[in-house]
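Presented below is the structure to which this report refers.
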Amino acid sequence: MGPKKTKAPDLHVTIAGVEFATPIWTASGTAGTGEEIERHTDPSKLGALVTKSVSLEPRPGHPYPRTCETASGMLNCIGLQNKGIDAFIAEELPRLQRMKTRAVVNIVGNSIDDYVELAKRLDGQDGVDLLELNLSCPNVEKGIDQGSDPSWIGECVAGVRTVTKTPLVVKLTPNTNNIAALAVAAEQAGADAISAINTLVGMAVHHWKLSPRLSNVTGGLSGPAIKPVALAAVYKIVRAVEIPVIGIGGIANGLDAAEFLIVGASAVQVGTAIFRSPKAPIDIAQQLSDYLAQMEVESVSNLVGRLEA
Amino acid sequence: MGPKKTKAPDLHVTIAGVEFATPIWTASGTAGTGEEIERHTDPSKLGALVTKSVSLEPRPGHPYPRTCETASGMLNCIGLQNKGIDAFIAEELPRLQRMKTRAVVNIVGNSIDDYVELAKRLDGQDGVDLLELNLSCPNVEKGIDQGSDPSWIGECVAGVRTVTKTPLVVKLTPNTNNIAALAVAAEQAGADAISAINTLVGMAVHHWKLSPRLSNVTGGLSGPAIKPVALAAVYKIVRAVEIPVIGIGGIANGLDAAEFLIVGASAVQVGTAIFRSPKAPIDIAQQLSDYLAQMEVESVSNLVGRLEA
Amino acid sequence: MNITHTSRLVSTKAVGPAIYQQRFHQPTVARSAHAGQFVHVLPDGHNLFRRALSVYATDPDKGTFDVLHQVLGEGTRSLSRLEKGAEVDTLGPLGNRFPAPPKGRRAILVGGGLGMAPLRLWAYELAGAMVKRARGNEIDRKRLPLIMLGARTKDLTTKPYKLGKFGIRVQWATDDGSRGYHGTIVMRLREDVEKELLDPERSVVYGCGPEPMMAALAEECESFSIPCYVSLERSMPCGFGVCMGCVVRRRDGSAYETFSRVCRDGPVFNAADIIF
Amino acid sequence: MNITHTSRLVSTKAVGPAIYQQRFHQPTVARSAHAGQFVHVLPDGHNLFRRALSVYATDPDKGTFDVLHQVLGEGTRSLSRLEKGAEVDTLGPLGNRFPAPPKGRRAILVGGGLGMAPLRLWAYELAGAMVKRARGNEIDRKRLPLIMLGARTKDLTTKPYKLGKFGIRVQWATDDGSRGYHGTIVMRLREDVEKELLDPERSVVYGCGPEPMMAALAEECESFSIPCYVSLERSMPCGFGVCMGCVVRRRDGSAYETFSRVCRDGPVFNAADIIF
Ligand SMILES: Cc1cc2nc3c(=O)[nH]c(=O)nc-3n(C[C@H](O)[C@H](O)[C@H](O)COP(=O)(O)OP(=O)(O)OC[C@H]3O[C@@H](n4cnc5c(N)ncnc54)[C@H](O)[C@@H]3O)c2cc1C
Ligand SMILES: Cc1cc2nc3c(=O)[nH]c(=O)nc-3n(C[C@H](O)[C@H](O)[C@H](O)COP(=O)(O)OP(=O)(O)OC[C@H]3O[C@@H](n4cnc5c(N)ncnc54)[C@H](O)[C@@H]3O)c2cc1C
Ligand SMILES: Cc1cc2nc3c(=O)[nH]c(=O)nc-3n(C[C@H](O)[C@H](O)[C@H](O)COP(=O)(O)O)c2cc1C
Ligand SMILES: Cc1cc2nc3c(=O)[nH]c(=O)nc-3n(C[C@H](O)[C@H](O)[C@H](O)COP(=O)(O)O)c2cc1C
Ligand code: FES
Ligand code: FES
């Protein structure tokens with residue numbers, strides 16, 4: 001007689017018609033375009049790899065210092081350093097096509113035209129399972145203003161919708177009084193899913209030097225500190241829309257991930273936690289699996305939205 | 001020859017024509033109406049005592065559980081439990097008048113009429129050095145919606161302005177895309193100072209029980225986790241208005257307080273840190289004094305706005 | 001009154017599975033704390049909140065007080081690992097006290113799990129006062145407080161500290177019958193009343209333990225018209241009355257006073273005044 | 001390649017004021033790490049980020065590597081307090097290596113403060129390779145690497161670990177003249193060139209130390225046309241190239257490549273390629 005056999009919980013999820021091995025994805029800007037993740041881990045164990053935001057033109061980003069530690073969190077003002085869509089398609093897409101994981105390509109622009117053009121270029125490209133629209137970057141000039149205006153979001157998503165068949169995920173900002181309204185605007189314009197949250201606007205100061213700690217003065221706050229804000233955002237969004245929601249913010253272990261799923265997220269993205277370890281998303285998927293086994297939940301989709309409120 | 005004599009730095013600040021012994025005040029809702037602070041510390045060492053929000057009618061608040069710990073922060077959904085303005089004037093004001101500290105009375109309402117009525121009742125009352133308008137409570141129904149609408153803020157402040165001569169501090173919410181615009185609206189309507197920030201909307205979940213950790217599901221996030229958000233808010237507000245700004249959010253020691261002053265706050269309020277110790281604001285004032293001495297800054301007002309950005 | 005103190009750890013004794021009795025040197029607390037009151041301990045730099053622990057024993061002469069706690073999470077764990085001599089930031093003593101038994105009534109102390117802690121000090125204080133009043137004469141042992149404790153199983157039962165010298169009896173109930181009565185301690189109390197081993201008219205109950213147990217105890221006492229005081233537990237951000245986090249619903253509440261603060265108006269309440 | 005490891009602390013030696021040499025058992029790192037590379041250490045559960053520490057020494061046979069660090073903040077403090085046998089989560093080895101000296105050039109290793117750490121391993125590797133190439137014959141000592149170290153004052157100078165066996169010389173400069181040359185080590189380098197004690201055409205400089213010192217060193221080397229490689233320090237959230245936080249400005253940058261990542265494209269750069 002061997003040890004009691006228990007079937008491992010089923011971690012598969014389907015979002016916008018696409019199946020993912022696990023609901024634990026990387027978050028944009030925290031796993032590059034996959035090169036390092038591939039070098040140091042087994043990418044086939046990831047739910048999906050979400051690439052760093054790519055823009056039409058290459059961007060240099062902001063000078064050093066670009067990050068700083070805060071209480072249970074960090075600030076960043078990377079400033080969207082990226083090689084631009086042409087180099088992305090030429091140099092990065094081939095790897096994403098080869099990699100044994102789902103790829104979500106995240107795009108960022110200054111205007112609706114930019115988003116439309118980016119989506120056009122990527123439409124029909126192999127290896128792009130979903131397109132994530134970063135409408136929420138605190139480190140670009142009008143990132144927050146546009147991204148907190150429901151009608152701008154509606155227009156932008158509608159514009160992109162006409163030029164691509166790839167399912168669209170719209171990534172929202174928490175720097176707003178009504179994130180649910182933003183989600184509704186995106187849904188009505190044809191988004192297939194919502195992801196939330198991007199970073200909160202924050203700042204840190206050198207008290208001895210009397211200077212900001214970031215070259216760009218303010219930056220985006222991420223990490224465990226913002227988990228409560230992210231959970232509340234997901235809670236509000238899932239009550240306002242029908243499309244799936246992908247939770248992001250401060251997820252550092254499998255129980256954190258479970259909390260987002262319980263509130264109603266269909267999948268989650270792990271950002272800052274990757275900086276502690278390239279294996280973080282894979283470890284988190286395993287912890288989630290252990291949690292499901294303890295809870296005697298057979299499939300992760302049975303956990304989604306189970307909040308008793 | 002004795003030890004070298006060094007004069008202690010001068011901590012006095014003047015806001016809206018009122019002089020305060022130190023720039024370290026308590027934050028509303030975290031020091032009651034002074035009874036406990038008076039029992040356990042020396043209130044004359046406080047810059048000011050800001051009282052828990054008082055409303056027209058008594059309010060019971062939300063059921064237990066009302067608080068929970070988060071990474072470097074806490075959530076609360078107290079729900080503004082308070083005895084109402086009549087009992088406040090009858091039972092609490094006498095103590096505030098007797099106490100040897102400045103008193104800032106914080107008021108909250110459901111509508112502009114409520115704020116006007118509350119201000120009327122308090123106008124000319126002894127012992128009210130400043131009036132703080134809580135236009136930003138995440139735990140009342142329309143708290144965030146109204147409080148993130150510049151025109152509503154303008155109307156509310158203008159209304160209150162006509163019925164009282166007491167200087168007005170307007171307390172703003174960080175749950176917005178543009179806190180500076182809210183501050184400008186308040187200033188134009190006659191506010192004498194801005195205080196920021198109130199709590200961020202957040203939520204926490206019991207992963208074993210599948211239930212929210214707060215009775216009211218969502219609550220307000222405070223503590224060190226939100227300090228970066230608060231610093232960025234103050235940074236933006238001081239650039240938008242001429243009136244003094246009072247910084248609030250995650251201040252736990254003298255260096256935290258210094259950072260807010262460097263960014264441009266004229267004073268700060270200490271909230272969650274008081275829960276660790278009734279003496280927190282007094283300890284923080286001492287640490288700030290030590291810091292000023294080390295920096296060879298003679299008067300705290302010389303630190304205000306010294307950010308080199 | 002200054003309630004901010006530094007307490008020095010004198011000793012840590014494991015008295016059960018993950019259950020520790022810890023002694024701290026802090027003369028002010030040692031001299032002023034009474035049964036029902038608690039200290040609010042800052043386990044270490046990383047916890048935002050303090051942890052509330054009932055005062056379990058005091059030695060005013062030596063300037064020490066004891067707590068009894070079970071390792072549940074990070075706070076109690078780091079407390080249990082402190083090295084002898086470590087200094088801990090404590091607030092206290094905080095909260096109200098158990099009220100004296102009404103005339104002619106014997107104190108029945110009903111506890112579950114670690115709820116035993118404040119009851120043990122209460123028994124000690126009551127017995128001590130009896131001895132003092134007796135001025136060297138024999139005390140009436142039938143009027144000594146009776147302690148009734150419940151636990152899940154025998155392994156989790158911990159003998160209350162140093163009550164033997166007064167001859168105070170402890171009655172047990174365990175869910176699995178491995179020690180004492182087979183069932184809950186509230187069931188045992190009911191049976192004792194029904195069997196007339198315990199006279200409701202000459203008893204007053206003091207309870208401390210998990211909330212569902214306190215609710216059951218209060219209901220039982222009400223049905224027998226036994227006065228019942230319970231000590232409640234809440235998550236306590238401040239412990240000294242300013243945060244309004246630790247509330248319990250009142251039976252007689254006005255609009256504002258629907259909720260009382262457990263840290264300041266309690267932790268001990270007349271069960272008739274609150275709604276579980 | 002798996003870069004996630006558990007390293008076990010073998011020993012901690014205080015080698016200066018708040019300066020510690022710590023040895024860890026981790027065979028993969030011990031065998032694969034080279035001079036210039038670093039390990040990224042998670043000091044304990046409460047720090048969000050890891051701390052980067054250069055590999056100071058390796059013993060591939062015993063499976064150990066050493067780091068040398070100064071207690072600055074919470075991270076290095078908790079590291080220095082670890083007990084022998086403690087297990088530490090480390091990533092590594094990370095980053096590139098010092099490039100070999102161009103033919104006919106002697107390695108001049110210029111360090112400030114803890115910048116000595118990677119230089120010491122580099123000297124050890126270079127000298128070891130010379131000994132190996134000599135196959136038992138005497139080595140040409142004038143071609144051994146020369147180490148030039150700067151510090152504020154004598155108390156802060158720490159002798160590089162185990163270089164004596166090769167006869168590698170260490171020259172010092174202190175700001176107050178308490179040890180060696182009175183002035184900065186970059187000033188000393190300049191004087192040595194001017195006095196023709198050091199031939200720019202037959203030297204290559206490797207630097208590691210505070211950024212202003214590296215900038216001065218690069219400028220001096222440029223003026224003498226000495227090839228110069230510097231190892232840079234940055235706050236490093238990830239250390240393996242994904243966060244884009246640890247950047248340095250490039251001289252030849254395209255729009256996108258204005259900035260290079262120090263953790264991945266460095267930490268060692270040709271000084272001619274970057275802008276301080
Ligand atoms: C007045 C009072 C007296 C108490 N006396 C004792 C005692 O003598 N011995 C003892 O072992 N325990 C006692 N408790 C309960 C004790 O405070 C908690 O077990 C302890 O705070 C758990 O902390 P933790 O960090 O180990 O666990 P965690 O689970 O990590 O605590 C997380 C948070 O929840 C709160 N919390 C968790 N469980 C409880 C609980 N049951 N009651 C209240 N708050 C809780 C903690 O304060 C903390 O804020 C008392 C509680 C109160 C209110
Ligand atoms: C490639 C590389 C190799 C290094 N090698 C060594 C070494 O061998 N010995 C040694 O003593 N130090 C070395 N450092 C510097 C070392 O990483 C910092 O001194 C250390 O992180 C300070 O951490 P702390 O928690 O003690 O200090 P804190 O001041 O609390 O650190 C706060 C934050 O700032 C960062 N930080 C602070 N100072 C520096 C700095 N000078 N450089 C980069 N980041 C900093 C920390 O990583 C952390 O994120 C190296 C740095 C790099 C990038
Ligand atoms: C260093 C850094 C860079 C980021 N870059 C991007 C980006 O390019 N595009 C984007 O949509 N989000 C970006 N983000 C936001 C994350 O994807 C994520 O929304 C946020 O960090 C919250 O998740 P976390 O707390 O798990 O990190 C970045 C975050 C960090 C920390
Ligand atoms: C338990 C609790 C109750 C609060 N009640 C009020 C309130 O009644 N009115 C108000 O304006 N702000 C209230 N606040 C917000 C604080 O005044 C302060 O703006 C916020 O907590 C941020 O500061 P901190 O991080 O120092 O706590 C409350 C905060 C807490 C934690
Ligand atoms: S714990 Fe704060 S009021 Fe009771
Ligand atoms: S530290 Fe993250 S890219 Fe270098």
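Chain A is the first sequence line, chain B the second, and so forth, proteins listed ahead of strands; every chain is numbered from 1. Quick note: numbers below take in every heavy atom, side chains included, and nothing from hydrogens, waters or symmetry partners.
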Tell me, for A:Leu75 versus chain B, whether the close heavy atoms (under 4.5 Å) come from the side chain, the backbone, both or neither.
->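 Side chain only.
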Of the backbone (N, CA, C, O) and the side chain (C-beta and beyond), which part of B:Thr70 lies under 4.5 Å from a heavy atom of chain A, both, or neither?
->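 The side chain, not the backbone.
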Among the options B:Gly223, B:Ala258, B:Pro212, pick out the one with the most heavy-atom pairs lying under 4.5 Å from chain A.
->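 Ranked by heavy-atom pairs under 4.5 Å with chain A, first place is B:Pro212.
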Top contributor to chain A contacts, counting heavy-atom pairs under 4.5 Å, from B:Lys209, B:Arg306, B:Lys236, B:Met295 |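 Among the listed options, the one with the most contacts to chain A is B:Met295.
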A:Leu231 vs B:Arg213 side-chain heavy atoms within contact, under 4.5 Å =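 SC-SC contact between A:Leu231 and B:Arg213 ruled out.
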So, do B:Leu210 and A:Leu303 sit near enough that their side-chain heavy atoms are less than 4.5 Å apart?
->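 Heavy-atom side-chain distance check passes, below 4.5 Å.
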A:Glu296 atom CD: more than 12 heavy-atom contacts under 6.0 Å |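 No - once you tally the heavy atoms of other residues, nucleotides and ligands closer than 6.0 Å, there are 12 at most.
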Which of A:Leu307, A:Val229, A:Ile226 touches chain B most, by non-hydrogen pairs under 4.5 Å =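 So the answer, after comparing A:Leu307, A:Val229, A:Ile226, is A:Leu307.
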Once you round to the nearest 0.5 Å, how far does CG of B:Asn177 lie from CG of A:Asn175?
->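 B:Asn177 atom CG to A:Asn175 atom CG measures 8.0 Å (nearest 0.5 Å).
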Closest heavy-atom contact between A:Ala225 and B:Leu221?
->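 Closest heavy-atom pair between A:Ala225 and B:Leu221: O-CD2, 3.8 Å.
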Tabulate, in ascending numerical order, the residues of residues 260-268 of chain A having at least one heavy atom closer than 4.5 Å to a heavy atom of chain B, or enter 'none'.
->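 Counting heavy atoms that sit under 4.5 Å from chain B, the residues of residues 260-268 of chain A involved are A:Ile262, A:Val263.
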Please state whether the rings of B:Tyr291 and A:His207 are parallel, tilted or perpendicular, taking 30° and 60° as the class boundaries.
->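 Rings of B:Tyr291 and A:His207: perpendicular, over 60°.
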